[in-house]
Amino acid sequence: MKKFLLILSLSIGIYASAQEELKKDSVVVDTVKYWSVLGKNTLMINQAAFSNWVGGGANNVGWLAGINYNLTYEKDNDLWENIIVLDYGQNDTKGLGVRKTQDVINVSTNYGRKFSKSWYFSLGAGIQSQFAAGYEDGNNPAAKKISNFMAPGYLNLGMGITYRPNDNLTVTMRPTNGRWTFVLDKDLQLAGNYGLKNDGDTSLLQFGFLGTAMYKVKLMENVNITNTASVFSNYLDHPERLVLAYGAVLNFKVNKFISSNITLDLLYDHNQIQKTQLKQTLGIGFAYLLNNGVKRSDRKDSQWWIKK
């Protein structure tokens with residue numbers, strides 16, 4: 001009987017210890033579930049070859065590599081969203097040489113504290129620039145240089161409110177936003193370039209309103225479009241000269257590893273050029289998706305319309 005009681009006591013002790021360990025482990029797992037991770041890595045290649053082709057043409061080969069990540073943390077009233085977009089591509093055409101076809105650096109972070117359903121008081125920052133130099137005449141390296149890494153580069157920092165009812169829609173409005181324009185290439189530090197006031201200036205500070213929006217739409221199975229838009233008005237100088245930007249990415253998913261993208265970008269910035277800028281790309285290639293399976297819209301703690 002004493003042996004039985006001793007064994008029973010040891011068993012209860014081991015069971016209780018195991019339960020404590022399970023509770024600790026479950027806490028770790030639960031914290032991970034507050035992170036929603038969605039990423040896409042792409043490598044797209046295009047090529048054309050001609051031999052005795054009466055219609056004409058030049059042999060060329062091109063490539064485009066990019067990453068697009070969205071990392072979102074949400075727990076109770078806290079919402080923290082981070083976006084990383086990096087793209088770079090080149091094309092080598094016989095008789096013309098290597099030309100840059102895509103060059104994007106866009107990194108942003110936004111923290112919000114919920115105050116009403118899907119509304120948040122928010123504070124955020126963002127950096128935009130490019131990796132390499134850009135030139136006139138179709139990015140011809142022999143032509144005049146018009147841009148470079150952090151020339152221009154833009155840093156936005158401000159606070160306001162964010163509306164995010166689900167994974168597919170985010171709208172942020174910042175009535176107080178600082179916008180720094182950097183021109184760190186000495187060859188481009190001339191008065192008038194990107195709004196610089198004097199020769200040799202390296203930056204320009206603007207203060208005003210910034211509004212951004214992102215909207216994702218599923219058109220059909222394996223076909224979706226992501227729309228982004230932004231508007232900035234400088235309170236300090238010509239507030240009517242809005243900086244307007246719109247981007248669209250139409251994605252056709254072929255299978256797990258192959259997809260096709262069509263992109264469209266429109267931009268108007270009086271300090272860059274007093275014309276509407278347009279860029280369009282089309283590519284097909286390898287795409288690897290990273291998804292931890294956690295969707296904000298699937299979590300009960302985010303579904304305010306369900307009675308708890």
Side-chain angles (χ1 to χ4, degrees), residues 44 46 62 64-66 68 83 85-91 93 96 98-108 126-156 172 177 179-185 187-197 201 203-206 208-215 225-234 237-251 261-283:
M44 297 186 177
N46 56 74
L64 170 64
N68 190 325
I83 296 176
V85 178
L86 305 174
D87 289 312
Y88 191 79
Q90 292 181 329
N91 184 276
T93 303
L96 292 177
V98 178
R99 305 287 178 90
K100 181 174 65 172
T101 57
Q102 181 80 309
D103 194 353
V104 175
I105 299 175
N106 192 341
V107 180
S108 65
I127 296 177
Q128 293 176 299
S129 188
Q130 60 191 50
F131 290 100
Y135 303 88
E136 290 182 340
D137 187 25
N139 266 321
N140 180 4
K144 178 184 177 182
K145 180 169 58 175
I146 56 177
S147 61
N148 208 340
F149 174 71
M150 291 303 288
Y154 298 99
L155 170 63
N156 282 286
T172 297
N177 186 87
R179 185 178 190 253
W180 285 265
T181 301
F182 296 96
V183 182
L184 303 187
D185 187 316
D187 296 334
L188 302 174
Q189 293 171 358
L190 303 173
N193 263 10
Y194 303 109
L196 296 181
K197 301 300 182 183
D201 285 353
S203 64
L204 171 71
L205 172 61
Q206 297 173 300
F209 170 86
L210 176 67
T212 63
M214 183 279 296
Y215 182 47
I225 183 172
T226 300
N227 301 276
T228 58
S230 68
V231 56
F232 176 77
S233 174
N234 179 21
D237 185 25
H238 291 286
E240 77 281 1
R241 293 178 181 174
L242 302 179
V243 179
L244 303 170
Y246 169 76
V249 179
L250 182 62
N251 179 258
N261 285 340
I262 298 175
T263 71
L264 173 67
D265 290 281
L266 295 171
L267 172 65
Y268 181 83
D269 186 342
H270 187 275
N271 286 340
Q272 289 191 8
I273 183 174
Q274 296 172 32
K275 296 179 181 179
T276 300
Q277 302 176 50
L278 182 147
K279 180 179 68 176
Q280 184 272 322
T281 65
L282 167 64

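Numbering of residues begins at 1 and proceeds along the displayed sequence. Owing to the predicted nature of the structure, the values given are computational and were not obtained by experimental measurement.
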Value rounded to 0.5 Å, distance of CG in L267 from CG in L244: 8.5 Å
Give a yes or no on whether F131 atom CZ has more than 12 heavy-atom contacts from other residues, nucleotides or ligands under 6.0 Å away. yes
From the list N261, I225, T263, I262, side-chain contact (heavy atoms from CB on, under 4.5 Å) with N251 holds only for N261
Taking N139 for the side chain and K100 for the main chain, is one N or O donor matched with an acceptor at less than 3.5 Å? yes
When you measure from the side chain of R241 to the backbone of S233, do you find a donor-acceptor pair of N or O atoms at a distance under 3.5 Å? no
Under-4.0 Å salt bridge between K145 and D137: no
Hey, what do you get for CH2 (W180) to CD1 (I127), rounding to the nearest 0.5 Å? 11.5 Å
Between D201 and S203 (side chain of the first, backbone of the second, donor and acceptor by atom type, cut-off under 3.5 Å), is there such a pair? no
Going through the distances and angles, do K279 and D103 end up as a salt bridge (Lys or Arg N to Asp or Glu O under 4.0 Å)? CA-CA 11 Å; K279 180 179 68 176; D103 194 353; over 6 Å; no
Going by atom types alone, do T93 and N91 pair a side-chain donor with an acceptor below 3.5 Å? yes
Residue pair N227 / Y246, side-chain donor-acceptor N/O under 3.5 Å: yes
Heavy atoms only: give me the nearest K275-Y268 pair and the separation to one decimal. O-CD1, 3.5 Å
Are any side-chain N or O atoms of Q189 and backbone N or O atoms of V183, one a donor and one an acceptor, separated by less than 3.5 Å? yes
What one should report as the nearest heavy-atom pair of L196 and L190 is CB-O, 3.8 Å
Only one of V107, T228, N106, V249 forms a side-chain contact (heavy atoms from CB on, under 4.5 Å) with V85, so which one is it? N106
In Å, rounded to the nearest 0.5 Å, how long is the span from CG of L210 to CG of N234? 12.0 Å
Could you walk me through whether S147 and Q130 pass side-chain hydrogen bond (donor to acceptor under 3.5 Å, both in side chains), step by step? CA-CA 9 Å; S147 61; Q130 60 191 50; 2.9 Å; yes
Heavy-atom nearest pair, D265 first then G247, reads OD1-CA, 3.8 Å
For Q277 against I273, the heavy-atom pair lying closest together: NE2-CG2, 3.5 Å
Should F149 and I105 count as side-chain neighbours, where that means a heavy-atom distance under 4.5 Å? yes
If you round to the nearest 0.5 Å, how far is CG of L242 from CZ of F232? 10.0 Å
Work out which heavy atom in Y135 is nearest to a heavy atom in A143; give both atom names and the distance. CD2-O, 3.4 Å
Quick one: which of T181, N156, N177 gives a side-chain contact (heavy atoms from CB on, under 4.5 Å) with Q206? T181
Between A132 and N148, which heavy-atom pair has the shortest distance, and what is it? C-OD1, 3.7 Å
Would you mind reporting whether Y88 and Q102 have side-chain heavy atoms less than 4.5 Å apart? no
Looking at S129 and P152, would you say the former's side chain and the latter's main chain have a donor-acceptor pair under 3.5 Å? yes
After noting the C-alpha distance and the side-chain angles of V104 and L86, does the key distance pass the side-chain contact (heavy atoms from CB on, under 4.5 Å) rule? CA-CA 6 Å; V104 175; L86 305 174; over 6 Å; no
Are R179 and V243 close enough, and set up right, to give a side-chain contact (heavy atoms from CB on, under 4.5 Å), and what steps lead you there? CA-CA 11 Å; R179 185 178 190 253; V243 179; 3.9 Å; yes
Are any of the side-chain heavy atoms of L204 and K197 separated by less than 4.5 Å? yes
Give, for atom CG of N193 and atom CG of N271, the distance between the pair rounded to the nearest 0.5 Å. 10.5 Å
